[in-house]
Structures are given as C-alpha cells and as structure tokens.
Amino acid sequence: MPGTDRTGLAVPLRRALADAGWLPSDDAVQAPAGPAAGSAAGDDRAVPVVGVDLGGTKLHAVLYDPARHRLLDRVERTDPRGGTAVTSQIARIVESLTAAAGLAGRPPRVAVGCPGAPDPVTGAVGHAPNIPGWDRMDVPADLEARLGSRPLVHNDANLAAWGEHAWLPGRGGDLAFVAVGTGVGLGLVLGGRIYAGSRGLAGEVADLPFGSDPFEPANLVHGPLEQQVSGGGVERRYLELAGRRRPAPEVFAAAADGDGAAAQVLDDLGRLLALALRAVRAIVDPATFVLGGGIGSRPETLAVTRRWLAVTEGESLQVRTSAFGDRAAVAGALAAAAVSV
C-alpha cells in the first residue's frame, strides 16, 4: 500500500474493506485471506481508526475495529448550523462508534474529509458555503479538544483520490479524482502524496471559468463550472430546455427513455467535464482521471465525457469511474487515518 503504515492496520483494513464488498471483486481476490504477520488485527491493544466524510447534507463515519476485524458505520444529516455544532456532531459520532466497538476511553485515529479548502496553517476551512462558520475557526484544534487526539482534516475530494490510490495499487500513478454531485471538486495525488497546494486551494475546479460568466455574483460563491456541472446545474439546464423541473436522477432516466431535452443536458454535462479534464491535464498531467460523486460516477456521465474527449484527445486521457462510488471519501479517510499521506 502506498504511504507509510503508522498503525499496522493497512493490510487488515484493506481485507475488511474487501470482506464488506467495498473493493471490486478483482481487487478483493488480491486481499490476504487471514491476518498478516505483524498486523494489528485481533490485537486488543491496537488503536482503531475512523474515517469521516462530511458533506453539506450528510455525515458518514466508519470505524475499523482491529480487535474484532469489523467495520462499524453511522450516517446522519449534517447539522445545518455549521461551526462548532458540526465539530460537536463529529465528536459525538466518533465517541458513539468507539463505544459500540467496546473501545471507549481510547481515542482513535481520525481523518475527516470535508468540502472546501482546509488551511494547513490556520485550520480554517474556506470555500465551504454548506458548512457555515468553518472559515472562521481552527477546525482541527476544536476537534482535538473534543476527541482527545488531533485529527487529520483534508478536502473530501483529496481523500477520495487518496482512497483510490491507496486501496487500488497498480491502477495508475498520479491521479486526479473529479467529484461531481451537489458540488464539484478535484482531488490530486501526485508523486504518491496528496497535493493540496500552499493554502489548500489546489483542485478547486468549481472556479474554472467554463459554462457561465465567472463574474456573476452567484458564480463568485459556487464557481461558474459548479453552477453548470452539478446536480443543481443539471436541473437548471433541463428547466431551461424543457420548461419544467426534474431532479437530476430523473433527468438521467428521461435521457435513457429518449427525452431530447434530457439527452441535451447530458451532452452539455459531458462537454464541460471534458473541458475541465483537459484544463487539469494541461497543468498536472495525471496518469488517470477518476469520476466520482452522485453524478460523476454514473456510467452515462463517463460515456458522454469520453465521447467529447475523443473529439480532440483520442485515447490519450485515461478516465474511469470510482471503484468506491459514494463511499470514496470515507474510504480515503480510513486510509489517511492508517497511512501517512
């Protein structure tokens, strides 16, 4: 596994992910059949690890219990108040999982994936309008005070990229994970490490000036690309073309049923995604692009993006969908908690 295993949990955790069906069958076959020599699985003294995927609407936390070799998870709606209400919510869920594993009183190693750009110096998380108040507080320090140990806090797309890199070795070197769902994000693994930039802003592709005017007030908040390439963007574009509203999943279903407006929406989506991937390639040239998120991981999105890329790129860009689906960020958070990034 790439990175440095600080806990002795990398091999047994990978096997737990395979046992739980998180890894695709071809990778699950490669996972060891029993505890590896020197691993922490089955050791009552081993410290558990927790991965947290914090979104604007949903919080998903997973604990790996090395003593019993199992995964425990919790899903809640994200507290809309943001700020310390969310850090308190994360701490409560981690404590609940630790107690459920019978490991109360032993702070686990925790990694949190969140929207926006965590500043490595101040601890504030900017560019995360769905988590109000995090841009004005030291998030890791607040969580440390509540958890008893300092967690890692990374952009969720960066952790999704790390999960694809760490748990699926051999599927490419440098990697860019493009998350398309409620919002749009980009995670980068370059030279075997997460690349976040000097202020955590690397990968904020929502700000790319594609699809709409970057100086429009709304685009200064969510970014011009995100306004078009996101669940809300799909719904708005369909309203423009068809004159009625449909949720994004219904737009995809309508396109499959021959709805011309829905098919046009998907075509526009693929065209803008292809432009975004070409822009990223021009700067960092990753070996592999991975599409994830509720919209990005759909096979229709992959197909139409590849079709537009083929117009100018032929087969030069390697693009695939995420192996973990909507678990990509939490799988990456578990990897970050166990393995240095």
Side-chain angles (χ1 to χ4, degrees), residues 3 6 50-57 59 61 78-91 94 109-163 165 175-179 181-208 214 219-226 280 283-284 328-330 332-337 339-341:
R6 303 188 302 265
V50 178
V52 178
D53 176 18
L54 172 66
T57 58
L59 194 163
T78 302
D79 193 314
R81 294 174 293 175
T84 57
V86 173
T87 52
S88 176
Q89 182 183 23
I90 292 171
V94 171
R109 293 178 180 269
V110 179
V112 179
C114 62
D119 190 305
V121 176
T122 68
V125 178
H127 289 244
N130 291 332
I131 315 293
W134 272 30
D135 58 340
R136 300 187 301 274
M137 60 185 286
D138 186 336
V139 175
D142 188 273
L143 284 169
E144 181 179 14
R146 298 173 189 276
L147 293 169
S149 62
R150 193 169 185 85
L152 296 169
V153 178
H154 286 281
N155 171 267
D156 51 2
N158 279 338
L159 286 186
W162 182 249
H165 173 77
L175 180 146
F177 187 100
V178 183
T182 304
V184 178
L186 172 74
L188 294 169
V189 174
L190 304 176
R193 299 187 69 83
I194 288 176
Y195 180 76
S198 60
R199 292 178 295 164
L201 289 168
E204 289 298 313
V205 291
D207 292 334
L208 287 174
N219 295 340
L220 295 175
V221 177
H222 292 283
L225 181 67
E226 184 168 289
V280 172
I283 298 169
V284 295
V330 76
L334 284 167
V339 178
S340 60
V341 297

Return the [atom1] to [atom2] distance between [X] and [Y], rounded to the nearest 0.5 Å.
| X | Y | atom1 | atom2 | answer |
| --- | --- | --- | --- | --- |
| Trp162 | Leu175 | CH2 | CG | 11.0 Å |
| Tyr195 | Leu190 | OH | CG | 8.0 Å |
| Ser149 | Glu144 | OG | CD | 7.5 Å |
| Cys114 | Ile90 | SG | CD1 | 8.0 Å |
| Leu143 | Leu152 | CG | CG | 11.0 Å |

So which heavy atom on [X] is nearest to which on [Y], and how close?
| X | Y | result |
| --- | --- | --- |
| Leu186 | Ala176 | CD1-CB, 3.8 Å |
| Gly197 | Ala202 | N-CB, 3.7 Å |
| Gly200 | Pro120 | N-CD, 4.2 Å |
| Ala333 | Ala111 | O-CB, 3.2 Å |
| Ala161 | Leu188 | CB-N, 4.1 Å |

Tell me, please, which residues at least two apart from Asn130 pass side-chain hydrogen bond (donor to acceptor under 3.5 Å, both in side chains).
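Testing Asn130 for side-chain hydrogen bond (donor to acceptor under 3.5 Å, both in side chains), a comparison that skips the adjacent residues, returns none.
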For Arg136, all residues meeting side-chain hydrogen bond (donor to acceptor under 3.5 Å, both in side chains), sequence neighbours excluded
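Not a single residue meets the side-chain hydrogen bond (donor to acceptor under 3.5 Å, both in side chains) criterion with Arg136.
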Within-4.5 Å side-chain heavy-atom neighbours: [X] and [Y]:
| X | Y | value |
| --- | --- | --- |
| Asp53 | Leu59 | no |
| His127 | Leu201 | yes |
| Pro118 | Val139 | no |
| Asp135 | Val125 | no |
| Val112 | His154 | no |
| Val110 | Val94 | yes |
| Asp207 | Val205 | no |

Among all residues two or more places apart in sequence or in another chain, which pass the salt bridge (charged side-chain N to carboxylate O under 4.0 Å, His left out) test with Asp142?
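Once residues adjacent in sequence are excluded, the partners of Asp142 under the salt bridge (charged side-chain N to carboxylate O under 4.0 Å, His left out) criterion are Arg146.
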Partner residues of Glu204 under the salt bridge (charged side-chain N to carboxylate O under 4.0 Å, His left out) criterion, sequence neighbours left out
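Glu204 satisfies salt bridge (charged side-chain N to carboxylate O under 4.0 Å, His left out) with no other residue.
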Going by the rule side-chain contact (heavy atoms from CB on, under 4.5 Å), which residues pair with [X] if we only count those two or more places apart in sequence or in a different chain?
| X | answer |
| --- | --- |
| Ala85 | Asp79, Arg81 |
| Pro115 | Ala128, Ile131, Asp156 |
| Pro129 | Val221, His222 |
| Asp138 | Pro140, Ala141, Arg150 |

Keeping the roles fixed (side chain from Trp134, backbone from Gly83), state whether a donor-acceptor pair exists under 3.5 Å.
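The answer is yes, because a donor-acceptor pair under 3.5 Å joins these two groups.
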Sub-3.5 Å donor-acceptor pair from the side chain of Glu226 to the main-chain atoms of Gly183, do we have one?
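Checking the backbone N and O of Gly183 against the side chain of Glu226, no donor-acceptor pair under 3.5 Å is found.
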Summary of salt bridge (Lys or Arg N to Asp or Glu O under 4.0 Å) pairs that have at least one residue in residues 116-125, sequence neighbours excluded:
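Matches after skipping sequence neighbours: none remain.
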Let me see the working for Val50 and Arg109 under side chain to side chain contact (heavy atoms under 4.5 Å, CB included), right down to the final yes or no.
CA-CA 6 Å; Val50 178; Arg109 293 178 180 269; over 6 Å; no
